[in-house]
Amino acid sequence: MTASGSYGAGGPPRSAGERVYRRLLGLYPRAFRETYGAALIEAFRAERAEARRGPARAIGFWLRITIDLGVTAARLRLASAIPLASGSVWTDVRAGARRLRRRPGFTVAVALTLGLGIGSTTAVYSVVDTVLLRPLPWWEPDRLVTLWQVRPAWRDDPVLSEFAESGTFGWSAFREMQDAAAVFSAVAATGAPRLVLEGEPNELVSTLQVSASFLPMLGVEVAQGRGFDRGEDDLDTGVALVSHEAWLRRFGGSADVLGRTVILDGAPAEIVGVLPPAFRFGGVRPEFVLPFGRLSDDVKENGGNFLALTARLRDGATPSDAEALVAERVRREGDPTRGARVTPLPEEERGAATRPLWLIFIAAGTLLLVALANAGGLLLAEAQRRRDEFDLRAALGAERSRLGRLLVVEAVWLGALGGGIGLVLAVWLAPLLGALAPTPLPGIDEIGLHPRALAFASLAALAASLAFGAGAAAAFLKGNRLPSQGGAVARVHRRRPLSVGIVAGQLALAFALLVGAGLLVDTLLRLERHPLGFDPDGLHLVSVQPGADAAGSAEARRLLTRELREALGGNLPAREAAGASAAPFGGAFTTTRVATEPGADRTLVSQQVAVTPEYFHVLRVPVLRGRALLADDEVGPAVAVVSRSFELLYLDGNGVGRRFVASDTFEVVGVVADLRHQGVTDDPPVAFYALAPRLPILRVEQFLVRAEPGDAVAMSEVRRVVHEVDPDATVTSLDTFHELIARETAAERFRAQLIAAFGALALIIAGTGLYGTVARSVASRRHEVGVRLALGADGARVGAMILRHGGVIVAVGLSLGTPLAWVAVRTLTSLLPDLAPASAFHYAIPALVLAATASLATAVPALTASRIPPSQALRR
Amino acid sequence: MTSHRSDVRDLLPLARATFHVLLALQEEALHGYAVKKRVEALSEGAIRMAPGTLYETLHRMRERGLIETAEGSHVEGEHPQRQYYRMTSRGRAALRAEVDRLGAMIDHARAIFRRGET
């Protein structure tokens, strides 16, 4: 059928205008055209007959007719394509809102569930977006690389393996790289010393020492003042840049900050520039940025490999070109086995944060799925409940498509409500997540709700509401078209496989989440229970930076150490104190070469620690053989105590009386048990301990103070006693060992807590879903239950019947959840290699938790069912 | 009829065209073009529905169960294919509800006017 010709309106012969109109009718949807085509043409003719007077009116007539046709055709086509777009959308929207208001319980339940899922996912997404997805604030960050030297020979060394893959460089290597213009367009060197900022009181601050090429290479411009020029790499001009944050905090954002002077580690530095806000590099947010001119030529030439190198690849140069270049340079230093590693800087910056973040995002996504399923289940149940009402309306002439549309509109409303709640939750949660995150995540200050996070939340809400709205509508439209089937008796045995499936799905997802969370919690617990080798209860770590005068000569340092130790321990009641160049978790360990036999060609490396005689006693480290160090050991032949690992690896397990050569020749007088130096999971260190005067290159600036467990040492107290001994000294830190250990395990704790929280939420949501389903089933089986009770079944049996119903759902959920959990465990293990190995135990406990929750959720409706008075149930 | 009553409330307020078509069909069934003419007369020429708008309105009102086609009721001598439309009970309920709504609004407005006058 063509558009013109067959609408059948008879009458006078067709004019040219009418033929045009007939053709235009083709714009209408076919069904509309077929029903109203003839009538439209008749109306057109009548209009035309009235309008045909004068050319100006003809134009007005055609304008009116074509606009009318175009607009109505577009509306009708849209309406047939998308039910929502029809003219009655607003009517529907208002009607939907009204219906939801009439059922506050249902509305709040769905909106809260959705809000919870959307909120937590959006919060995590905004962290992921800020930290992982947003480009770093540098010019072409993809061209920036970090350079490392690799020493395969160190890989098997118990001490040096840590540095085997990520060796830094010396000053001359940096200069040579800068000349390699074929590969690099810029090379920058950085160091990140913590320096003492003179003030009231002195403070330890993060700084970044950089070459002049650093800021231009990143493409970062100072917000005020100037950067460094190349001459300042070598010449000390006594200048510094201040970070935006330090400028605000320390100088009150004052406009005349340029030209002001600060004293850093005793040397004055004039502020010549202010960095842009939120500047960070290499995990450091420096308060001050200093040029390398501050360092003497002696330090640069003989200071060893103290520089981290970053470079910008020249256009056309690849990371492997860079790797070849660096490898060639490091081999020239004499060791042909050395190599190089070149990693993209963005990867290096985001590095540690990536995997746990994705993990948390997956967990939040799973929670969202559970929430969606739960809300979908509620909507479906609601649609089923309202079937009778809808059947009645349909019988009274309401179009079924319109009724279905009402369901969709309600779902969209609920999605919008849930999205709103989720958004509020995310606004509150996202910065909290950022603040709780253990490792300073790059860009954490900027975490907030960015447009992309907002878009994510809205998308999640929309997808959610449309998905289950359409589901509910489809379930309804598919339903019986005969209103007579809506009766109570016909409904008694109506099975609800879909809603049972939805609840089982929630339980399955919750189970997988719980298994994953359990594994993470177990990993954390194992870490926390890991033997440290010393007793952390009541133990404090105090770091002191002595004033320049007091630490001038070796003898002065020796006296100072003794006085500080006595002040910290002796002057305070019930305190004991010991000093060390590097206390556990103090992060100041140094290594040295040792030889156990004269002329041995095997290179051995050990940590060396200068201590005061009380060291092992204060730590409560047992002496396994021989004796601890004594005050008298300061004179006479040099003696040392070695760790059990040192003895096993280097002295054939029999150390006392043996000698080894380090900076001196030491006789081993005792062996102590291994104690963790750097962290909870580190291998026990290979270390030897000697009194401070025997290791003059080390400075004893860390003190262990043991108080009664539960008795905290106050910073003010420590400052006071230190000040009495050395007025110029700075107390740079005071921590309890429990704090230090907690900091060490913060990353593990953070992800375990977060995912456990998601798991618990998922369990609660799934539990309410189960409760709802069983309760509804009890309500709809009221009559049947009444009959059973009237026929002599006792309440207990009826209750058991309902419990069985719940049990079946849980069983389905668990059997779906077990493979899911297995996949979750596999994913976790691949993302986090240090995870506790999964065992049957890790599946059994969550299964028990789930079963317990499920019993609780089922018990209430079961009890209700068993107490139904048969007379009442039968009356309906 | 209570369910009917609450049911039509979802349709309120009625679109201007819908309201006038219901007014036009109050007394008798009419064919499409006659509806248009009656609406024009009722609104004193204020509402002139072009063909597309007329039939789209009629189509939607049918969909919502406000009007229905009255088959075989065409008048002798007229075009045999002409479709007649008449108001359903739902349509009548909707019209009544809308008139009530408008009436209440007008009463309210008048009360305010009176208060302003005194």
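Basis for what follows: all heavy atoms, side chains included, without hydrogens, waters or symmetry-related copies. Residue numbers begin at 1 in each chain, while the letters A, B, ... track the order of the sequences. The structure presented is a predicted model; accordingly, all values stated were derived computationally and were not measured.
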Which donor-acceptor pairs under 3.5 Å do side chains of residues 103-113 of chain B form with protein atoms, sequence neighbours excluded?
none

Near B:Arg16 CZ, under 6.0 Å, is it more than 12 heavy atoms from other residues, nucleotides or ligands?
no

Grab the two heavy atoms, one from A:Phe32 and one from B:His59, that are nearest each other, plus how far apart they are.
CE1-CB, 3.7 Å

Counting only heavy atoms closer than 4.5 Å, note whether A:Leu69 contacts chain B via side chain, backbone, both or neither.
neither

For the atom pair OH (B:Tyr33) and CD (A:Glu47), what is the distance rounded to the nearest 0.5 Å?
5.0 Å

Between B:Arg62 and A:Thr35, is there a side-chain heavy-atom distance shorter than 4.5 Å?
yes

Under 4.5 Å heavy-atom distance to chain B, tell me which part of A:Tyr21 shows up: side chain, backbone, both or neither.
side chain

Test: side-chain hydrogen bond (donor to acceptor under 3.5 Å, both in side chains). Region: residues 44-57 of chain B. Which pairs qualify, not counting sequence neighbours?
A:Asp68-B:Thr53, A:Arg75-B:Glu56, B:Glu56-B:Arg60

